[in-house]
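Some notes on the structure that comes next.
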Number of protein chains: 2
Amino acid sequence: MTDIRRLAEHLNISIGTVSRALNNRPGVHPETRSRVLQAATELGYVANASGRSLRRGATNTIGFVIETGSPANQAGDNFFYIVTDAMHESLAERGYDLVILPCHSADDPVEYLARLVARGIVDALVITATRVQDQRIALLAKSAMPFLTLGRSETPGEYPWIDLDFHDVARRSVAELVALGHRRIAVALPEKDVNLGQHYRSGYLAGLQAAGLPVDPDLILRVATSEEGGYDFGRQLAALPHRPTAALLCSEATTVGLYGALRNNGIAPGTDVSIITFRENPQLRFLDPAPACFRTSLPELGQEMARAVLDLLGNNGDQARRNHKLWPMTFVPGASVAPPGS
Amino acid sequence: MTDIRRLAEHLNISIGTVSRALNNRPGVHPETRSRVLQAATELGYVANASGRSLRRGATNTIGFVIETGSPANQAGDNFFYIVTDAMHESLAERGYDLVILPCHSADDPVEYLARLVARGIVDALVITATRVQDQRIALLAKSAMPFLTLGRSETPGEYPWIDLDFHDVARRSVAELVALGHRRIAVALPEKDVNLGQHYRSGYLAGLQAAGLPVDPDLILRVATSEEGGYDFGRQLAALPHRPTAALLCSEATTVGLYGALRNNGIAPGTDVSIITFRENPQLRFLDPAPACFRTSLPELGQEMARAVLDLLGNNGDQARRNHKLWPMTFVPGASVAPPGS
DNA sequence: CTGTTAGCGCCTTCAC
DNA sequence: GTGAAGGCGCTAACAG
């Protein structure tokens with residue numbers, strides 16, 4: 001709670017010198033500097049953030065926006081905690097802090113962002129769960145706030161993104177199943193405006209085409225990204241007159257629900273219907289049969305995101321806005337996949 | 001990005017009047033006020049947070065601290081998103097904002113808090129995952145920062161807390177099992193310094209005592225709060241010479257792992273070993289057999305927490321520091337519980 | 001190497 | 001009902 005003035009008085013020197021010493025500015029006698037640093041530690045002095053930001057015109061803080069009201073965020077495991085943990089650590093090495101900015105259910109995400117930008121509490125923003133047409137991106141692109149999106153979008157403009165390679169995951173999943181003899185493969189897609197669904201769908205279609213398989217619209221379903229959504233998907237598959245022998249999930253959150261629905265309808269996951277889900281996580285590992293899925297290092301993803309954001313704030317910010325990164329994932333076989341009719 | 005000066009110039013009035021109009025201060029001509037408000041909306045003016053905080057000495061922001069490096073937070077579902085979502089909404093009604101402050105793996109939680117307090121970016125803090133002896137509480141109690149803990153602690157001092165009633169949940173769980181004829185009931189506790197473990201343990205012991213059952217130390221195990229921890233627990237139970245007929249979990253995150261370990265050892269969850277876990281969540285609902293557990297409304301918990309924090313910042317802050325609330329939970333029967341040897 | 005001073009954006013007191 | 005001015009805590013530019 002001490003301010004810089006009291007610290008200076010305590011040391012009998014001017015606040016200017018104290019400030020220079022604390023901020024590693026040149027032109028301070030080494031002995032003075034060490035006295036200042038020691039006194040700061042003793043008195044628990046930390047610069048007041050408002051004063052510093054006001055003067056510097058920057059907060060040295062990155063905001064990571066999460067819509068806490070979204071069912072997709074309330075389901076599943078704590079993807080974001082792992083990503084932000086690593087991202088935060090990388091940012092800290094460069095003197096930046098990270099805060100998670102939750103946008104609550106009753107608030108409008110676009111207005112929330114507009115307020116954030118104007119209030120100036122962060123130097124850059126990360127937004128997640130991008131839509132095909134995303135007003136948040138349109139807003140940010142018009143503003144002067146540097147931002148990174150986790151997920152692509154068809155919203156026009158030049159902005160940096162990092163995205164998991166949903167296309168390749170889906171394509172690869174189909175290929176794995178086809179190699180075992182599957183020919184009727186269902187897929188659960190999210191709501192239409194969720195951008196990852198576009199890519200997952202295109203990968204699925206590419207996989208079918210590569211195998212010379214026809215597209216059956218009955219096998220392409222849209223469900224909520226939640227346990228309930230997975231259950232829905234399973235029920236709908238069970239009700240199909242000509243049941244598929246395999247199913248793909250573009251979100252691991254739906255896996256448990258799908259297993260439950262199949263079992264409740266007398267269908268054995270893995271035996272009657274092969275399943276490949278999206279991202280490996282600890283919960284999946286103990287499901288029976290263990291689901292085939294895709295692995296990636298979330299800490300590495302967080303580090304990459306930190307790098308991308310820091311690039312935006314560096315000297316080559318303009319160039320950094322053209323940074324695009326497709327994040328690869330590797331297939332993890334599982335007992336949930338078997339030849340059809342086995 | 002407009003500042004108040006430009007807004008005032010645009011309207012040809014002084015910044016003092018603009019400020020008064022925007023902050024609903026008395027003594028502004030109604031017409032002037034409406035002109036100001038309209039111009040603010042048009043130009044997208046929002047007060048700069050640093051300037052305002054510096055002047056007011058308050059940020060109107062509440063910080064919710066989460067240790068993103070903790071395995072317990074990386075496991076399980078998004079408990080905190082649901083709580084903070086409701087809390088945020090309640091706070092917003094009273095003009096407060098909420099930010100989630102992640103403390104990353106490589107950072108020391110106590111130092112992190114000390115920095116937060118000194119930087120003055122929030123008016124109050126919420127800390128979670130309390131320890132039996134919690135240095136964070138000791139630090140905050142010494143500071144002038146109002147704070148609320150989600151979870152109790154034996155750390156001395158007068159501070160407000162809200163805690164789920166772990167004692168009663170454990171006691172009730174034992175009673176349910178005893179009523180069905182169980183006499184050997186195992187329990188998985190977290191590491192010793194995790195405060196909720198103390199209460200869960202005391203409730204477990206109270207339950208045994210009420211039923212006149214002996215305490216078998218072999219049945220009281222400590223495991224990590226994660227899927228792996230649950231798996232560990234199951235393996236250890238399977239290896240016991242005199243196997244229990246029931247098992248209690250003080251964290252739902254361990255449930256899937258326990259099911260997996262039992263099955264891998266030829267033990268049927270629900271039939272061979274009855275299971276009661278902690279908090280109901282969507283993932284559990286689709287496990288087979290569905291685990292008995294305890295239900296509570298996380299949105300209501302979030303609202304209660306918002307109230308507790310706002311009380312701290314109100315006129316009766318001193319009295320509010322004595323607010324303690326034990327949060328009740330209700331039993332949800334499940335197929336994971338059956339009479340022993342059934 | 002150190003002290004002094006201006007001003008970041010805002011709100012509030014005082015004067016009118 | 002409105003304008004002018006000071007100062008919240010800090011850093012950077014300028015004197016010395």
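Numbers restart at 1 for each chain; the letters A, B, ... are given by sequence-line order, proteins then strands. This is a predicted model, so every value here is computed, not measured.
- The side chain of His29(A) sits closest to dT2(C) out of dG3(C), dT2(C), dC10(C).
- Looking at heavy-atom distances under 4.0 Å, Thr32(B) makes contact with sugar-phosphate atoms alone, never a base.
- Residue Arg52(A) places no side-chain N or O under 4.0 Å from the OP1 or OP2 atom of dG9(D).
- Rounded to 10 degrees, the angle separating the terminal axes of the helix from dC1(C)-dG16(D) to dC16(C)-dG1(D) is 50°, with each axis obtained from five end pairs.
- Using a cutoff of 4.0 Å between basic side-chain nitrogens and carboxylate oxygens, Glu304(A) and Arg307(A) are scored as salt-bridged.
- Of all heavy-atom pairs between Arg131(A) and Asn195(A), the closest is C-CB, 3.8 Å.
- For the residue pair Asp85(B) and Ser105(A), a side-chain donor N or O sits within less than 3.5 Å of a side-chain acceptor on the partner.
- Using a 4.0 Å heavy-atom distance criterion, Gly57(A) is classed as making no nucleic acid contact.
- In this structure, Ile13(B) reaches the sugar-phosphate backbone alone: every heavy-atom distance under 4.0 Å involves primed, P, OP1 or OP2 atoms, never a base.
- Residues Thr17(B) and Ala49(A) each lie close to DNA chain D; by heavy-atom proximity, the contact nearer the 5' end of the strand is made by Thr17(B).
- For Arg56(B) and Arg20(A), each mapped to the nucleotide of DNA chain D holding its nearest heavy atom, the one lying further toward the 5' end belongs to Arg56(B).
- Within the 4.0 Å cut-off from OP1 or OP2 of dC10(D), at least one side-chain nitrogen or oxygen of Tyr45(A) is found.
- Applying the 4.0 Å criterion to OP1 and OP2 of dA12(D), one finds that Arg25(A) has a side-chain N or O inside that range.
- Counting only distance, with no hydrogens or angles, the side chain of Thr61(A) and the backbone of Thr59(A) share a donor-acceptor pair below 3.5 Å.
- Contact check, Ser14(B) against dG3(D): a side-chain N or O comes under 4.0 Å of OP1 or OP2.
- For Asn48(B), no side-chain nitrogen or oxygen approaches OP1 or OP2 of dC10(C) to under 4.0 Å.
- In this view, Leu125(B) and Val65(B), Leu101(B), Leu113(B), Leu116(B), Val117(B), Val122(B), Leu140(B), Met145(B), Phe147(B) satisfy the side-chain contact (heavy atoms from CB on, under 4.5 Å) rule, not counting sequence neighbours.
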